[in-house]
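Report on the structure given below.
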Amino acid sequence: MAGQPPYEKLALAISNTALAQDTARVLEDAHDWVAQDEADAVIALGGDGFMLQTLHRMLDSGNVLPVYGVNRGTMGFLMNKHRPKGALIDRVNKSRAVGISPLRMEAVTQDGHTRVECALNEVSLLRETRQTAKIEIMVDGKTRIEELVADGVLVATPAGSTAYNLSANGPILPLDSQLLALTPISAFRPRRWRGAILPDRARVTFRINEPAKRPVAAVADQKEVRDVAEVHVEIARDSELTLLFDKGHSLDDRIVAEQFMG
């Protein structure tokens with residue numbers, strides 16, 4: 001059955017970087033690769049950015065398969081270590097599965113239009129002009145901050161907690177933590193607020209104050225909606241994706257180590 005081991009029909013997804021292309025040429029004769037619509041699982045050669053692109057394409061196409069990433073990029077936080085020796089298919093079939101669910105963003109613009117997008121890393125609200133944004137923050141229908149004055153604010157998944165969220169001094173979340181990070185971006189007021197960690201069942205709502213004077217854009221990963229009036233963010237539980245990791249993959253160790261890096 002597709003999506004469950006043993007994974008016999010494998011497809012390759014290859015980043016356009018030279019390193020990924022060189023690795024793909026080496027792997028060409030190592031397995032009878034199939035097209036993605038015929039596969040049980042996908043091997044992604046690249047970095048974290050390419051992994052997210054691959055997962056987004058699956059969500060857009062509706063053909064969602066387990067993905068085993070091989071790091072042929074830089075960080076490779078979501079990828080497995082490249083090992084030239086040994087059969088790749090054996091590693092895939094011995095891997096452990098980790099489920100991740102994207103965020104669903106429902107953005108209502110100032111002129112009343114609604115747009116829905118998914119984000120695997122984060123949904124961020126960002127000021128569009130030199131004026132700071134003023135944003136009301138609600139969690140599960142209850143106002144938690146009446147007015148955040150800042151460059152913006154974001155909600156990050158565990159998979160995205162080491163990306164923009166980390167740059168904004170947000171917390172790193174283990175992939176299986178079932179948590180979300182709510183992190184301000186250059187907050188001016190409340191000056192001491194550093195963000196919050198929320199259960200992933202929470203629904204976060206942002207309302208823009210003074211939107212004409214202080215316009216705000218909402219971004220779901222790379223998909224932008226400008227001039228928003230209100231944005232709702234919650235986990236899309238009907239769109240779970242599966243990442244495959246080597247059983248010896250030191251993901252938990254890397255999560256801990258990342259928090260002590262200067």
State plainly whether the residues [X] and [Y] are in salt-bridge range, i.e. N to O under 4.0 Å.
X: Arg96; Y: Asp176; answer: no
X: Asp22; Y: Arg25; answer: yes
X: Lys9; Y: Asp40; answer: no

Cluster link [X] to [Y], ILVMFWY, side chain under 4.5 Å:
X: Ile145; Y: Val216; result: yes
X: Leu59; Y: Leu175; result: yes
X: Leu180; Y: Ile100; result: no
X: Ile135; Y: Leu126; result: no
X: Met51; Y: Tyr164; result: no

Between [X] and [Y] (side chain of the first, backbone of the second, donor and acceptor by atom type, cut-off under 3.5 Å), is there such a pair?
X: Thr157; Y: Gly160; result: yes
X: Asn71; Y: Met79; result: no
X: Arg104; Y: Glu234; result: no
X: Glu136; Y: Thr143; result: no
X: His31; Y: Glu8; result: yes
X: Asp221; Y: Asn121; result: yes
X: Arg72; Y: Gln21; result: no
X: Asp246; Y: Ser95; result: no
X: Glu230; Y: Phe206; result: no

What I'd like to find out is whether the side chain of [X] reaches to under 4.5 Å of the side chain of [Y], using heavy atoms alone.
X: Ile185; Y: Thr183; answer: no
X: Lys223; Y: Met105; answer: no
X: Leu45; Y: Ser15; answer: no
X: Val42; Y: Gln36; answer: yes

(message) Distance alone, cut at 3.5 Å: any donor-acceptor contact between the side chains of Glu122 and Asn165?
(response)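 Side chains of Glu122 and Asn165: no pair found under 3.5 Å.
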
(message) Pairing donors with acceptors under 3.5 angstrom, does anything connect the side chains of Arg214 and Thr132?
(response)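 A donor-acceptor contact under 3.5 Å links the two side chains.
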
(request) In sequence, state the C-alpha distance, the side-chain angles, and the governing distance for Ile208 and Leu125, and then conclude on side chain to side chain contact (heavy atoms under 4.5 Å, CB included). (result) CA-CA 10 Å; Ile208 311 307; Leu125 275 69; 3.8 Å; yes

(message) Give me the atom names and distance for the closest heavy-atom approach of Pro171 to Ser161.
(response)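 The answer is O-CB, 3.5 Å.
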
(message) As a test of understanding, state which of Ile235, Leu241, Leu120 forms a side-chain contact (heavy atoms from CB on, under 4.5 Å) with Ser101.
(response)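 Single pass found, and it is Ile235.
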
Distance-only donor-acceptor hits, side chain of residues 188-202, under 3.5 Å, sequence neighbours excluded:
unit_1, atom_1, unit_2, atom_2, d
Trp193, NE1, Gly195, O, 3.4
Arg194, NH1, Arg191, O, 2.8
Asp200, OD1, Arg237, NH2, 3.0

(message) Before you tell me yes or no, could you show the steps for Asn80 and Arg91 under side chain to side chain contact (heavy atoms under 4.5 Å, CB included), namely the whole-Å CA-CA distance, both residues' side-chain angles and the distance that decides it to 0.1 Å?
(response) CA-CA 10 Å; Asn80 295 285; Arg91 291 176 60 193; 4.0 Å; yes

(message) Run the side-chain hydrogen bond (donor to acceptor under 3.5 Å, both in side chains) test against Gln53 and tell me which residues pass, sequence neighbours left out.
(response) none

(message) Taking ring pair (Phe, Tyr, Trp, His ring centres under 6.0 Å) as the definition, give me every residue that meets it alongside His82, ordered by chain and number, with sequence neighbours left out.
(response)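 Scan of His82 (ring pair (Phe, Tyr, Trp, His ring centres under 6.0 Å), adjacent residues dropped) gives none.
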
